[in-house]
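Naming: A, B, ... by sequence-line order, numbering from 1 per chain.
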Amino acid sequence: ADLDVIRLELEEFIPHVKNISDISIRKMAGRDLARFRKFKKQGIAVKFGRFTQKENKQIQKNIEEFLSVTGIESAEKLLFSHRYPEEKRTIQRLKTKHQFCEKLSEGIPRPWRLIYYRARKIYDPNNYKGKYSEEEKQKLLRYQATHGNDWKKISEMMARSNQSLARKYSQIKSAINSGPWSKEEVQKLLHAVEKVMKKRIEETETKFIPSSETSSKHLLIEREKLYQNLPWAEIETQVGTRQWRQCKQKWLTILRTKMNKGKKVFRGKEGLQMKINLIKRLYELEVEDANDINWTEVCSAIGDFPSAYVQAKFYKLKVSCVPLWRRKTFS
DNA sequence: ACACCTCTTTCACATACTAT
DNA sequence: ATAGTATGTGAAAGAGGTGT
């Protein structure tokens, strides 16, 4: 009952709170709710999605301040104290004494945990290591065979982040097909997508309409549900011969072709107009940071696509037409 | 109860290559 | 030049821990 109250209060800040498990809710209840209220008083909404430049800078500032207050030497010691067994206890005490959590999340309207993740990513020397070499891949396969999915252990042995290793392993663990899709593969993919889509509809139906008389045959599906947040791991196992990323990309291509009735909308004169519309729309948004773009909105304004398709288009446009784009900010 | 941590799944950004 | 495909990697957000 208590949890329901908290859930209700959180809903104001996190619209999708319904889908979050009790365990996560309980964790947000303590500190975050109070922080969210404080931000609300200042008229600041809770943020999601990728961190903006500004937020990243704020994290760095918060870390530096904390280091200077406590006298801890480096951000790595602060955020990865288990790598320094002798100093671990001292660091921990300093953290509690000077309210590390509060200080780290200062000025950033997000759940504490997510800010903490972000900070660890920024300051992990095992992050940003670039491409895996052939030897590294072999090593990874070997280590996984002996240690299982103990990524932390493997991480210490290979000087790569846990996440990077976990994902890389799932990429190289088994052989898969590549190149154009065969007819059977496409059929399998379509079947798999249909299946998960139906399952999903059944779930929402039983949730909102308990009476079972809604088994009418027209399946109306919201546009975004066709491509957002599909269970790709499940689809991968059903297709069998392709990785989930290949499945996802193929599905997106099929979907886009259907949505545009086979027309190649970015070709020729019309294509040029499409690009102009896209740029205009982005300009009108007046957002400061590229991470603040609402792609769903942009998409619906210029045509009918899965948002990832337009995002990819914009990327290509940017890279091919804007000199020195890497050094430029979005605004 | 709370501070802190790990693993998994999915999405985003970036780039390369080939066929048309 | 564009579309399709493949794939490198960083990132977000979820579930579910441990230790004090």
In the structure I gave you, are the side-chain heavy atoms of A/Lys168 and A/Lys137 within less than 4.5 Å of one another anywhere?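 The answer is yes; the side chains approach within 4.5 Å.
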So A/Glu106 and A/Glu102, do their side chains get closer than 4.5 Å, heavy atoms only? no
According to a strict under-4.0 Å criterion, is [X] in side-chain N/O contact with OP1 or OP2 of [N]?
| X | N | result |
| --- | --- | --- |
| A/Lys121 | C/dA11 | no |
| A/Lys168 | C/dT9 | yes |
| A/Arg120 | B/dT6 | yes |
| A/Lys318 | B/dC13 | no |

When you measure from the side chain of A/Gln238 to the backbone N and O of A/Leu189, does any donor-acceptor pair fall under 3.5 Å?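 Absent.
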Measure the distance from [atom1] on [X] to [atom2] on [N] and round it to the nearest whole Å.
| X | N | atom1 | atom2 | answer |
| --- | --- | --- | --- | --- |
| A/Ile154 | B/dT6 | CD1 | P | 14 Å |
| A/Ile115 | C/dA12 | CD1 | C1' | 13 Å |
| A/Asn126 | B/dT6 | CG | P | 12 Å |
| A/Leu114 | C/dG14 | CG | C1' | 10 Å |
| A/Asp292 | C/dA11 | CG | C1' | 16 Å |
| A/Lys88 | B/dA3 | NZ | C1' | 13 Å |

Sequence neighbours excluded, every pair satisfying salt bridge (charged side-chain N to carboxylate O under 4.0 Å, His left out) that has a member inside residues 292-303 of chain A: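 Applying salt bridge (charged side-chain N to carboxylate O under 4.0 Å, His left out) to every pair that reaches into residues 292-303 of chain A, excluding sequence neighbours, yields A/Lys47-A/Asp292, A/Arg281-A/Glu297.
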Inter- and intrachain pairs under salt bridge (charged side-chain N to carboxylate O under 4.0 Å, His left out), touching residues 234-246 of chain A, at least two apart: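 Matches after skipping sequence neighbours: A/Glu185-A/Arg242, A/Lys199-A/Glu234.
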Is there any protein nitrogen or oxygen under 3.5 Å from a nitrogen or oxygen in nucleotides 18-20 of chain C, and what are the pairs?
none

Closer than 4.0 angstrom, basic N to acidic O: yes or no for A/Glu135 and A/Lys139?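 A salt bridge is absent here (no side-chain N lies under 4.0 Å from a carboxylate O).
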What residues form a ring pair (Phe, Tyr, Trp, His ring centres under 6.0 Å) with [X], not counting sequence neighbours?
| X | result |
| --- | --- |
| A/Tyr143 | none |
| A/Phe36 | A/Phe13 |
| A/Trp181 | none |
| A/Phe314 | A/Trp295 |

Between the protein and nucleotides 8-11 of chain B, are there any N/O to N/O pairs under 3.5 Å, and if so, what are the atom names and distances?
residue, atom, partner, partner atom, Å
B/dT8, OP1, A/Asn149, ND2, 2.9
B/dT8, OP2, A/Trp151, NE1, 2.5
B/dT10, OP2, A/Ala233, N, 2.9
B/dC11, OP1, A/Asn229, N, 2.3
B/dC11, OP2, A/Trp232, NE1, 3.2
B/dC11, OP2, A/Lys248, NZ, 3.3

What residues, two or more places apart in sequence or in another chain, satisfy salt bridge (Lys or Arg N to Asp or Glu O under 4.0 Å) together with A/Arg120? none
Sorted by number, the residues of residues 53-69 of chain A with heavy-atom contact under 4.0 Å to DNA chain B: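 Close to the strand, none.
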Just the table, please: protein N/O against nucleotides 2-5 of chain C N/O, every pair under 3.5 Å.
residue, atom, partner, partner atom, Å
C/dT2, OP1, A/Lys275, NZ, 2.4
C/dT2, O2, A/Arg267, NH2, 3.4
C/dA3, OP2, A/Lys313, NZ, 2.3
C/dG4, OP1, A/Arg256, NH2, 3.2
C/dG4, OP2, A/Arg256, NH2, 2.1
C/dT5, OP1, A/Lys250, NZ, 2.7
C/dT5, O3', A/Gly179, O, 3.3

Are A/Arg256 and A/Tyr309 in a cation-pi contact, defined as NZ or CZ under 6.0 Å from the six-membered ring centre and within 45° of the axis?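 Positive - A/Arg256 is close enough to the ring of A/Tyr309 and near enough to its axis.
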Check for me, please, whether A/Val310 and A/Ile276 land in the same ILVMFWY cluster - side-chain distances under 4.5 Å, paths through other members count.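 Per the 4.5 Å side-chain linkage, A/Val310 and A/Ile276 are not co-clustered.
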Donor-acceptor contacts, no H, no angles, side chain residues 74-85 of chain A, under 3.5 Å, sequence neighbours left out:
residue, atom, partner, partner atom, Å
A/Ser74, OG, A/Lys77, N, 3.1
A/Glu76, OE1, A/Tyr84, OH, 3.2
A/Glu76, OE2, A/Arg83, NH1, 3.1
A/Lys77, NZ, A/Glu73, OE1, 2.9
A/Lys77, NZ, A/Glu87, OE1, 3.1
A/Lys77, NZ, A/Glu87, OE2, 3.3
A/Arg83, NH1, A/Asp124, OD1, 3.4
A/Arg83, NH2, A/Asp124, OD1, 3.4

